[in-house]
Structures are given as C-alpha cells and as structure tokens.
Amino acid sequence: MAAASCQNPFKISANLVEGSRFLHPKLEFSAVNFPPNVDFSRLGFYRSLTCKEYGGHVHCSSNTDGSVNEEVLTPILDMIDNPMHLKNLSLKELKQLADDIRTELSIVSKTNKSFRPSLSVVELTVAIHHVFHAPVDKILWDMEDQTYPHKLLTGRRALLNKSGQVDGLSSDACRNEYDQFGAGHGCSSISSGLGMAVARDIKGKRDRIVSVISNETTMAGQVYEAMSNAGYLDSNMVVILNDRHHSSNPKLDQAPRASINAVSSTLSKLQSSQFFRKFREVAKVLTKRIGRGMHEWAAKIDEYARGMVGPSGSTLFEELGLYYIGPVDGHNIEDLLCVLNEVASLDSMGPVLVHVVTKEEYADDQMSKVSEEYIKGPFTIETGPIRARPLTYSDHFAKALITESEIDEDIVVVHAGMGMESSFQQLKDKLRDRFFDVGMAEQHAVTFSAGLSCGGLKPFCIIPASFLQRAYDQVVHDVDRQKIPVRFVLTSAGLVGSEGATHSGAFDITFMSCLPNMIVMAPSDEIELARMVSTAVDIEDRPVCFRYPRGAITTLDPSLHLREPIEVGKGRFLLEGKDIALLGYGSMVQNCLRAHAVLSNMGIDVSVADARFCKPLDIKLVRMLCKNHKFLITVEEGSVGGFGAHVAQFISLDGLLDAGIKWRPITLPDNYIEGAQPKDQLAAAGLTGNHIAATALNLLGRTRDALLLMC
C-alpha cells in the first residue's frame, strides 16, 4: 500500500510494501522540506497517479490519524451490474474491463483469499460473458479459486470486500442464479455440465453449457470419466481447459508449453470456424457413403494432421470424443472472442474442448520485476523489513518427520491435494526420491501408499482433511479392511478461515473413527504432534491417522523433537478440579484451558483433560472423570458423530450415565461454516473458550452468568 510518512528533518518519503502495484519505473519520488515549526496536523496531501498498464487512476490522501487511503478508479467495472452490460462494449472497453478486474482483485488480495488463480482467467471470463448469455447459458467452474472475476461480473462485487466474513463472498460459492452448480475442490464441472446438457436435450431446450476446467484438475480420474461419457453421448457442450501450466508434478511443470504464435492463433480460428466444421462433417458423410474403409482411413488422416499442428497430448481429447480447438492465448481477448463466437454459433457440434493457455502471475510479473529493482528486501511502514511468517503445525510436523527419517530409512511420504504447503518443501528436499507428490489424485495416493507399505516401507500419506473425503473408498477397502499400516496425516483439520466450507476439515474424525482397524488421534499442541509422529512410525500392524489444524503453533519448546512415543489409547490429565470436567480432543484442548481460566476467575473448580485418542478411547481416563465429577463436557472441532459420540457410546454402555453423570458434547454445528477470520468462525461454531465456559455455567445452573459471558 502506498503511504506517506513524516520524518525529521521533515522529509516526506513514499513507502511501499511488498507487491505494491503502484511501484513503476517511471514513477518519480520527490522529497519536500518543511520549516521546523510546521503544523503537520493541518496539512492535507492529495496525489493523483495514473497507471496505464493496470487500468484506472490511483488517488492517495491522508487521514487525520496519519494513515493514507487508496482510491482506485475502475470506470468500466463500475458500470457492470450483470453480464448483459458487457454485450455492447467495444474491444477496447473489454480490455479496459479486464484491467479493472485485475486491479480490483489486486486491491482485495490483502485478505486471506487466494486470487492468483483468478488473475489467470480475467480475460477468459470477460470473453465468456461477452459471448454467452448467463444465466440462460450455464457457466460452470471447476475450482472456486478461479471464480472471482465471474463473481465481479455477475453482481457480487459488493461481497468481495466482505470475503473475510461469514456472509461474505465465499458463502456465495454454492448454487445461485449465475452458478447452477457450486464450485468446490475441482473435477465436477464436466460431469455436472454433461448432466445439464442431457437434461436440456430431453426437455427440448436450447441453452448452452460451458464448463471451465483447470490443468490441475486433469490429474483426477473423474475428469476423464466425464470426458469419455460426454464423447459417447455427443451432447452439445463447451469445455474450456484453462492451462496455467501449473502442476504439483515438477516434470509436468518443466514440460514444453503449448506454443502461442500467429500460426497457432490462425489454426485455432480455422478449427473453430463454421466453414471448417461443416466441411469436416460433409467429408464424414461422403467417406461413409463411399465405404470400403474410406471413412476409417479419412479419420486417421484427420487425427494425424490435427495431431501434427496441435500441441502434445491434444489427440487424447479427440480419442475421448471431444473436438479439440487450440491452443488459444488466454490473455488475448480478440482471439478468445473470435474462437468462442464461432463455437457458440454451432448448432450441432457435440462436445468441444477449447484449450486456453494462460499465465498464473500475469498481473504481477512486471510489478515484481520493478519491485526487485527498487526495493532491496520487503518492508512495512511500521516495522521496516517484514518478519518471517509464524511457525505452523505443518512446519513442526515436517521437522519431526525429518528427525524420524534420519533414524528410519524406510520412511517415505506421499502427498496429495490441491497444491503443497511451503512447509513441506524442506521435507521434500530432505527425502528427495522418497517424497512423492501426486497432486489432485487422492484415490491413487491412498492405494499407492498401501502398496508402498506392502513393499516393506513406512508411508506417511499427507492429505488435507477435506480432500481425503474423495478417497474414502480406498481408505476402507485398500487400507483399513486389510490392516495395512499406512500413516494418514490430515492437514487443515477443522475450520480453515477464509477458505471456508470448501476446504474445511469437519468430517474426518467421524468417518475415520468408525473404521474397525483405524487408530485415530489428534495433538493438542506441536509437542504432542511430534510425539504422535514418533508413535505413528512405531505402529506396524494397522493403519493410523492424526489430524492437526491450519495456523500458527501455540507454544515453542526447544526440546520439541526429542523422540518420545505415546502409548496407544492413553490420554493425559492436565488440570484437576472438582466441579466440572472438560475433556478436549486435538486443538480444542487449548480452548478448554481458556475456559478453565475464565471459570476459575468465577470461583469454579474445573478439571481439564486431553483425550489424545478418539480410537481407541482412554476408557480409564473417561471413567475417572465421570466418577469424580457431576458434569462432563467433551469438546472437538469436528462434526456430530465424532469424538463425543465415542465417549457417549462408552459411558452409556459402562453404566456411567445411569450413575448420574451429566454429559454435554460441543461439536461443530450441523451446517457449513463459510469463510471468515478463524476467531469469527470459532465464535459462529460455539467453540471459543467463552462458549465452553458458558456451557459449563448452564450445567451448573448459572444461566445468568452464562448469558453475561456471551454478551
């Protein structure tokens, strides 16, 4: 953010934080000297700056508190309330609109939302909405991270600045007028689009279906299942492959990019033209009438010729039954409009795949180069150089596993999911050929890990908790039923802030703990996490899983990585009281300790215990808590049916409920919690320390105190 600061001897200088879009080689900075007796509180600064490359004007003005506001003008975007407003825009205005969208996304990128994938599809989104007629035509997206330009153009701009709130933009990811099918983890847009296309044909309608997919999701099998079925059914639909050349597989990243030049642009326009398509259809009819193998021979010639002029792998889509067009420059609106207009005008085209090549950091490349030239290291206005990010659970998991791998050479890692956390790069560098990143292929990752285990290795299968849902059948049949010792590491467990319900790990405790042979545990802090890594290494007769949350650690201990396995099924007693017992699972132990502090100040004696294990449950610990207290509260950051259900099962069968213990579970509510700040999400879920304390007060009959605590 651009800012002005006053320093003795009254020199005004421009300060820009890392990634500022205002820093430009042509920008001149000037220093103004003021007399020593000047009253700065009465001065007002106003500076107008035009950025042609990035669209709009930037105005900086000072506030009374010394801060500086930025007002970026986006004149074309300001006129767009719905996609119909794009129809009469000229090519120049469409380009300006794309600049406005990129500027808008750059401004709000200071939130936790990831807008980099969206920046790659700005021009593509503008072209789609200019050619097609949403919401009559259905536009489906494979990944939520690419939908923000689409949301800006469909009347949801006001929600963009609220994306950190529960009712903000991320809550709009599910179905609505312009999103007939919710964008989630990926892989779904072709399947859902094909279903809508078939339903349209049965009902005799004429709307068009456009499914946008990413090359990241093409690693998942559902994409090819859907393409194969689309080719067989031959229903009219358009599939747009946004090729950002971004993959978790480094070999794919190093592969040659599809060439974009004048020749490829001309060929793409020719392939999409009505004349060429009609000529091709006539040729098919004639060769079929001639017979004697002429049709098959002509089809081979056609495939060979198109394979020669097309990029590597383009014939795969033809084999699946989709007519391939491309590659097309995804940042050239003129080419996009030409191809999409031709595709949209075809009545009986069958499924078509348009290969669009984009650049993920298209909006930031020039700025980053300038920043490197003008800024020697990142700075903030308040503190100077930016401090390193806080250590996370993933950082400490990686360090713990590196320590274990130095002792046991049989340890290998399989990573799956959408992208890889930076914390695991050190682990990848250390293990080298013992680290396998398979991308968005969770089903393969699970069975691959099982095979590694059968071969005598000790696999750690690292998958975000929400992504493991897609591989549950493999977990059941390929791992648990056969008692194969695979060690599942579920990252981003529980609520995940601005990523919202799409990436929230709410259900893993429930669906993993119901498996007969699975050991299920969760650490309460990073020290316990390191111990659970050691515990998992030693388990060789059955599968095991443990989860940890996204975010910074709770404490820091220099003796963190001392190897000290935990006895399986053994919890721990943290604080002893007599009035009420709090039994926490995983990260919620910390909130139980916060509730203990609140209740202690109110004169209530509280016990706090860390369950550690959901399965096998520490029945001795639970039995002791029930016998020594009148009230028991279990707390977990997971859905109904998880840890609390296992405790309830035990205390009911053991007769402890009959003996008079009053039990209350605190879990995630039975609804999806959308993107917000983590503290706001926990408050919405009723999982903060104050919420836990209020539940305890209600059990003790102090309802008034509970209400006051929540005010």
Side-chain angles (χ1 to χ4, degrees), residues 476 480 483 488 490 493-494 506-524 528 532 535-536 539 541-547 566-589 591-593 595-596 606-670 686-687 692 695-696 698-700:
V476 174
D480 190 74
K483 297 187 69 173
F488 292 101
L490 309 185
F507 311 111
D508 58 283
I509 304 175
T510 300
F511 68 67
M512 294 299 276
S513 63
C514 69
L515 299 177
N517 298 315
M518 187 71 66
I519 296 174
V520 183
M521 53 186 177
S524 57
E528 287 289 292
M532 288 185 180
T535 304
I539 297 173
D541 61 342
R542 66 186 65 188
V544 58
C545 76
F546 57 91
R547 66 178 340 229
I566 301 171
E567 179 184 345
V568 175
K570 183 70 173 179
R572 59 175 180 160
F573 208 91
L574 299 179
L575 297 170
E576 187 173 358
K578 61 181 180 179
D579 294 329
I580 195 166
L582 303 178
L583 180 58
Y585 181 69
S587 60
M588 285 298 100
V589 172
N591 283 2
C592 288
L593 293 173
H596 172 274
V606 182
S607 294
V608 179
D610 177 5
R612 283 179 170 161
F613 292 86
C614 176
K615 187 176 184 177
L617 190 66
D618 187 345
I619 59 176
K620 291 183 179 179
L621 175 63
V622 175
R623 188 178 286 133
M624 181 184 68
L625 292 174
C626 290
K627 289 185 176 180
N628 295 338
H629 302 82
K630 293 182 179 180
F631 309 101
L632 173 66
I633 299 175
T634 57
V635 188
E636 62 187 300
E637 194 176 356
S639 65
V640 176
F643 171 69
H646 283 264
V647 173
Q649 173 83 354
F650 169 71
I651 62 178
S652 61
L653 294 178
D654 201 52
L656 295 171
L657 285 176
D658 301 334
I661 184 70
K662 293 183 179 180
W663 166 72
R664 294 291 185 274
I666 299 180
T667 67
L668 289 176
D670 192 23
L687 287 173
I692 297 170
T695 301
N698 276 324
L699 276 174
L700 294 170

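Keep in mind the model is a prediction, meaning the values are calculated, not measured.
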Visitor: If you look at every heavy atom in L687 and I692, which pair is closest and at what distance?
Guide: O-CD1, 4.0 Å
Visitor: Just checking D670: does its CG atom have more than 12 heavy atoms from other residues, nucleotides or ligands closer to it than 6.0 angstrom?
Guide: no
Visitor: Over all heavy atoms of both residues, which pair between P516 and D480 is shortest? Give the atoms and the distance, please.
Guide: CD-OD2, 3.4 Å
Visitor: Can you tell me how far apart CG (L657) and NZ (K662) are? Round to the nearest 0.5 Å.
Guide: 12.0 Å
Visitor: Please report the shortest heavy-atom distance between L582 and A595, naming the atom on each side.
Guide: CD1-CB, 4.0 Å
Visitor: SG/C545 to CG/D508 distance, rounded to the nearest 0.5 angstrom?
Guide: 7.0 Å
Visitor: Hey, could you give me each pair passing side-chain hydrogen bond (donor to acceptor under 3.5 Å, both in side chains) that has a residue in residues 648-660? Not counting sequence neighbours.
Guide: R623-D654
Visitor: Take V520 and L515, measure what side-chain contact (heavy atoms from CB on, under 4.5 Å) needs, and give me the verdict at the end.
Guide: CA-CA 10 Å; V520 183; L515 299 177; over 6 Å; no
Visitor: Tell me which pairs pass side-chain hydrogen bond (donor to acceptor under 3.5 Å, both in side chains) where either residue lies in residues 630-640, with sequence neighbours left out.
Guide: T510-S639, S587-E637, T634-W663
Visitor: Which heavy atom of I666 sits nearest to which heavy atom of G686, and what is that distance?
Guide: CG2-O, 3.6 Å
Visitor: The criterion is ring pair (Phe, Tyr, Trp, His ring centres under 6.0 Å); which residues satisfy it with F511, sequence neighbours excluded?
Guide: Y472
Visitor: So how far is it from I651 CD1 to I661 CD1, rounded to the nearest 0.5 Å?
Guide: 7.0 Å
Visitor: Within this structure, what is the CG-CD1 distance for the pair L653 and I619, rounded to the nearest 0.5 Å?
Guide: 11.0 Å
Visitor: Taking side-chain hydrogen bond (donor to acceptor under 3.5 Å, both in side chains) as the definition, give me every residue that meets it alongside N591, ordered by chain and number, with sequence neighbours left out.
Guide: R594
Visitor: Apply side-chain contact (heavy atoms from CB on, under 4.5 Å) to the pair L625 and F573, showing each step before the final yes or no.
Guide: CA-CA 9 Å; L625 292 174; F573 208 91; 3.4 Å; yes
Visitor: Step by step, would you call R612 with M532 a side-chain contact (heavy atoms from CB on, under 4.5 Å)?
Guide: CA-CA 9 Å; R612 283 179 170 161; M532 288 185 180; 4.2 Å; yes
Visitor: Distance check, rounded to the nearest 0.5 Å: L490 atom CG versus M512 atom CE?
Guide: 5.5 Å
Visitor: Report yes if the side chains of F643 and L617 come closer than 4.5 Å at any heavy-atom pair, otherwise no.
Guide: yes
Visitor: Mind listing the closest non-hydrogen atom pair of C614 and H646 along with its distance?
Guide: SG-CD2, 3.7 Å
Visitor: Using the salt bridge (charged side-chain N to carboxylate O under 4.0 Å, His left out) criterion, which residues pair with D610? Sequence neighbours excluded.
Guide: R572
Visitor: Does the side chain of V568 come within less than 4.5 Å of V544's, by heavy atoms?
Guide: no
Visitor: Quick one: side-chain hydrogen bond (donor to acceptor under 3.5 Å, both in side chains) partners of S607, sequence neighbours excluded?
Guide: H629
Visitor: Would you please test Y585 and I509 for side-chain contact (heavy atoms from CB on, under 4.5 Å) and show each step?
Guide: CA-CA 10 Å; Y585 181 69; I509 304 175; 3.8 Å; yes
Visitor: Could you give the distance from CG (D579) to CZ (F631), rounded to the nearest 0.5 Å?
Guide: 9.0 Å
Visitor: Spell out, as yes or no, whether a donor-acceptor pair under 3.5 Å connects the side chain of S513 to the backbone of K615.
Guide: no
Visitor: Shortest non-hydrogen contact from C592 to G584?
Guide: SG-CA, 3.9 Å
